[in-house]
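To start, the structure itself, in structure tokens.
Here is the naming used below: chain letters follow the sequence lines, and residue numbers restart at 1 for every chain. None of these values were measured; they are calculated from a predicted model.
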Amino acid sequence: MKQITRILGALAVIVITFLIIDQAFGLMADKMIATQSTGKPAYDISRKGTEKLVVVGSSRASHHYDTKYFTDSLDLPSYNLGMDGRGLTYYEAVLMSYLDNNRPEIIVLDLLPSDFDGNLNERVSALYPYMKGNRHIERISREVSPSNSLTLKSNLYAYNAALLPELKWKLQKYNPDNLGFIPLEPKKMNGMVESELDISANIDSVSLMSFNNIVKTARERNIKLVVVVSPIFNKLKGMDNFNRIVNQYDNVYFINDASFQFKEPSAMYNDNAHLNKDGARVFSKKFISQLDSINSL
Amino acid sequence: MSFTSLSFLLFFVIILIINYCLPQRYRWMFLLGASYYFYLNWQPIYAILLSISIVITYLAGRLLYRDTGRTQSRKIICATSIILLIAPLFLFKYYNFITSTIESFLNILRVSIEIPKMTMLLPLGISFYTFSAIGYIIDCYRNKYPPEKNIFVLALFISFFAQISSGPIPRGDQLIPQLVKPENLIYDNFIKGLHKLIWGFFMKLCVADRIGIYVDTVYNNMENHNGGSLLLASVLYTIQIYCDFAGYSLMAIGVARMLGIRLLENFRRPYFATSVKDFWSRWHISLSTWFRDYVYIPLGGNRVSKRRRSANLMTTFLVSGLWHGASWNFLTWGGIHGATQIGEKHWNDSKEKKRKWWKIITVFFIVSFAWVFFRLVTNHEIGMFWNKLFTQFGFPFADMTLLYIFIAIMILFIFDYTAEFKSAFFSKVSNNFWASNILCGVVLAMIALFGVFGSNSFIYFAF
């Protein structure tokens, strides 16, 4: 009995120590990070604007759609919710949160077929610190992993994936003047070799559900949804599944610009998958003309 | 069901509760059922292979006991059973390597032939449980201890869930008596086991898997990284593999100890070794002592001429390399360790004394150098690594992950340094109720904040 009491005592000390640190960290982090965040995710989900067009996607969205140019030169108020290294669950969470405060007319969803493979589902965790009071993030966190409903009770765990990016944003100072667009400075791209990229991904049910939710919300709110595969240096192979998913909805407009031809590709790309700011400007111009034809439908 | 998955934690809590509710004499039966459930959860079909190995081992042990005094027949039983145990390991692990080598050799002779390849996945833990079984048979052959009478107890010895996937490789005389009569629920076992389990989690989730992000980013995209990044990645890989494997071993030892069973120590701060020989007395101890007892000593060990001793050492390390994987890079890795130990013997003979820290650093870099051949599999990758190291050296690729890595390595260093050089203080803290448990809570908090979750694989699962 004495041994059991001692074991229970030790377990209590471990748990209480953990809980004290967890609560203290939670209080501090919520004050210093969640409510004063200088990062793009926090800015994006709490934005209140009057834009007509919103872009959502991963790094290719954030670097390819010059929303500042759309707004200033083309008189099309726009905002870019794109974020590096994210997947469909993140797109859904950030877009739904954004739609709570904004009423855009067009959603541009920049995708690659690999977005449906579910590998990046967990990356929605960058939004977990902002979960308090945000029903979308809370719901999606549970869809990604049912155990999150328990583990995310811990403040430390909620910040697990967000702390490092938040530190990064503190150092980099996110500039909202570009309306979410993150331009990449051109760099010398010598010897870029075009290769064939097999993107016939397995379809993950959680990713597909996020896509379906985006489509459904766009339909309910009477917002035009344009799915775009923006330019990529590599040749894409295995688009069948992707085409099938995207084409099954009558309210989804699909633009495939994957093989968009630039006059001087090496001056437009920063690497095999991302345009630099010059490439983004050229593509943005072309994209708007395509969008005009959709708008007139 | 990996140790770092939530499903394992749930499984283990249930095991713990039921285990301690059962009378002591029935616990091994329950643990056998749990071990088979654990293994079936990984790869159900391979449980048949595991069972066949158990039957072979049991029969060999009993036959060796029956034939006591009949040397020739005992030799045949021992050799036959070892061959039978090694056959599946050979088929799954070495068959493709040998057939590809034959094909390449024939290609040089301009003979084109395609030998069918083995396409089935390597059964989980096959190298580990095969070695446990072989060790048991040799011990029985040497009359080190009598063979186990109950096949189900032997089955638990070979399949015990805490150690089956990556060791520590157990010894019959050390583990079997504990399985039959595990210790009762006592603080010393339960909480010390829990401390080991949590520190193992820290090593795996906060250090190994965090470093893995950087190492994979660089090594999986070598064309786009300079020599500086490759050098940093290779040094970090040295720490990653330590924390991955030692972390796993600690979890296994911790899990078993919480059940009242003490497994063999597998790692003892190997990067504080002052020679490569010393390194091998601290790294994967259960395997290195296995090779010492069942390969090196039967070959003649140290009781032979200097030249023969060197040959024995090299043979042992080449076999050790092959145990890790069937490819030339693992042979090279084993060869480097064998060669440096042979060199060390010469070095020691010349009585050269160096400062301790200088020796530690030298050994660390020798081991890091050898790990390059462990991590990079193809000749193309290895060639690119050395080429970039000498021709395209530059400032390493750096991102915020390195900050986490630095913090995690510092915590690990303080822990290992204290255990190695301030052992009195270390044991005072670890034996103090308040200090040890509060520190455990702090480590748990660090895991929740800094751990990399989601990846449930361990590097040594591949072996």
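By number of non-hydrogen pairs under 4.5 angstrom with chain A, the leading residue of Gly441(B), Cys440(B), Ser436(B) is Gly441(B). Here Val442(B) is the residue among Asp399(B), Val452(B), Val442(B) with the most heavy-atom pairs under 4.5 Å with chain A. Among Asn437(B), Val443(B), Ile198(B), the residue with the largest count of heavy-atom pairs under 4.5 Å with chain A is Asn437(B). Counting heavy-atom pairs closer than 4.5 Å to chain A, the top residue among Phe433(B), Phe190(B), Tyr20(B) is Phe433(B).
Proximity to chain A is absent for every atom of Leu439(B), based on heavy atoms less than 4.5 angstrom apart. Heavy atoms of Phe453(B) lying under 4.5 Å from chain A belong exclusively to its side chain. When heavy atoms are compared at a cutoff of 4.5 Å, Leu164(A) approaches chain B by way of both its backbone and its side chain. With a threshold of 4.5 angstrom between heavy atoms, Ile186(B) approaches chain A through its backbone and through its side chain.
Distance check: Ile447(B) CD1 to Phe18(A) CZ gives 9.0 Å after rounding to the nearest 0.5 Å. Taking OG of Ser154(A) as the reference point, atom CG of Leu444(B) lies at 9.0 Å (rounded to 0.5 Å). Taken to the nearest 0.5 Å, the CZ atom of Phe25(A) stands 4.5 Å off from the CG atom of Leu449(B).
Here Phe385(B) pairs with nothing under the ring pair (Phe, Tyr, Trp, His ring centres under 6.0 Å) rule; sequence neighbours left out. With sequence neighbours left out, the ring pair (Phe, Tyr, Trp, His ring centres under 6.0 Å) criterion links Phe450(B) to Tyr404(B).
By the neighbour-count criterion of 12 heavy atoms within 6.0 Å, atom CH2 of Trp386(B) is densely surrounded, having more than that number from other residues, nucleotides or ligands. When the shell of 6.0 Å around CZ of Phe393(B) is examined, it contains more than 12 heavy atoms from other residues, nucleotides or ligands. The number of heavy atoms from other shown groups lying within 6.0 Å of NZ (Lys388(B)) is above 12. For CG of Asn379(B), the number of neighbouring non-hydrogen atoms (other residues, nucleotides, ligands) closer than 6.0 Å is 12 at most.
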Extract all donor-acceptor atom pairs below 3.5 Å that involve side chains of residues 2-13 of chain A and protein atoms in other chains or at least two apart in sequence.
unit_1, atom_1, unit_2, atom_2, d
Gln3(A), OE1, Tyr187(B), N, 2.6
Thr5(A), OG1, Met1(A), O, 2.7

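Across Asn160(A) and Ala448(B), no two heavy atoms sit closer than the pair ND2-O, 3.0 Å.
Within residues 137-145 of chain A, no residue has any heavy atom under 4.5 Å from a heavy atom of chain B.
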